Amino acid sequence: MVLDVFALLTIFELALENLIGKLPNEKIVVRTTLEQFSHFIKDQDGIKISGRLNINRTPSGIERKFTTPEKIQAGIARIEKIISWIPENCLEVTASARLNMNEKARRMRY
């Protein structure tokens, strides 16, 4: 089972990480997924103290949305929890790594 960013976020949003961790099948996370999480934390690190104001133009006018420092810090903590769960429960592979599957099995699957 290969877990990408969306799968990991969904697993943790639904609080299924303990159940998924106990599954007997191998769970694989590509290293670029970890890099995406690290980049998110790095991007949020600069605004976690002051918060963020987004201003968007909508058909009904201008919309202002302020994200509090507490929400930003909670988002960072959620991602850090995912990052710490991965080494204990998943095999990390590089994007160029191939799954150990022979040609016949690969043809049967696809």
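Being a predicted model, the structure only gives us computed values, none of them experimental.
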Taking atom [atom1] of [X] and atom [atom2] of [Y], what is their separation to the nearest 0.5 Å?
{"X": "Glu88", "Y": "Glu17", "atom1": "CD", "atom2": "CD", "answer": "11.5 Å"}
{"X": "Thr68", "Y": "Gln73", "atom1": "OG1", "atom2": "CD", "answer": "8.5 Å"}
{"X": "Thr94", "Y": "Arg31", "atom1": "OG1", "atom2": "CZ", "answer": "6.5 Å"}
{"X": "Thr58", "Y": "Glu63", "atom1": "OG1", "atom2": "CD", "answer": "5.5 Å"}
{"X": "Ile20", "Y": "Lys22", "atom1": "CD1", "atom2": "NZ", "answer": "11.5 Å"}

Tell me every residue that passes side chain to side chain contact (heavy atoms under 4.5 Å, CB included) with Arg64, counting only those two or more places apart in sequence or in another chain.
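Side chain to side chain contact (heavy atoms under 4.5 Å, CB included) list for Arg64, sorted by chain: Leu53, Ile55, Ile62.
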pair Lys65-Asn56: side-chain heavy atoms closer than 4.5 Å:
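A side-chain contact under 4.5 Å is absent here.
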I'd like to check Leu8 versus Ile86 (side-chain heavy atoms, cut-off strictly below 4.5 Å). Are they in contact?
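With C-beta onward as the side chain, the pair touches.
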Should we say atom CZ of Phe6 is surrounded by more than 12 heavy atoms from elsewhere, each under 6.0 Å from it?
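Count not over threshold, so no.
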Does one hydrophobic cluster hold both [X] and [Y], with members joined at side-chain heavy-atom distances below 4.5 Å?
{"X": "Val93", "Y": "Val2", "value": "yes"}
{"X": "Val29", "Y": "Leu14", "value": "yes"}
{"X": "Ile11", "Y": "Leu91", "value": "no"}

Please determine which of Val5, Leu3, Ile82 meets the side-chain contact (heavy atoms from CB on, under 4.5 Å) test together with Thr33.
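That would be Val5.
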Can you list everything that forms a ring-ring contact (aromatic ring centres under 6.0 Å, His included) with Phe12? Sequence neighbours excluded, please.
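Partners of Phe12 under the ring-ring contact (aromatic ring centres under 6.0 Å, His included) test: Trp85.
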Of all the heavy-atom pairs spanning [X] and [Y], show the shortest one and how long it is.
{"X": "Ile79", "Y": "Ile41", "value": "CG2-CD1, 3.8 Å"}
{"X": "Phe37", "Y": "Leu9", "value": "CE2-CD2, 4.2 Å"}
{"X": "Pro69", "Y": "Gly51", "value": "CG-N, 3.7 Å"}
{"X": "Asn89", "Y": "Gly21", "value": "OD1-CA, 3.5 Å"}
{"X": "Lys27", "Y": "Asn25", "value": "NZ-O, 3.0 Å"}

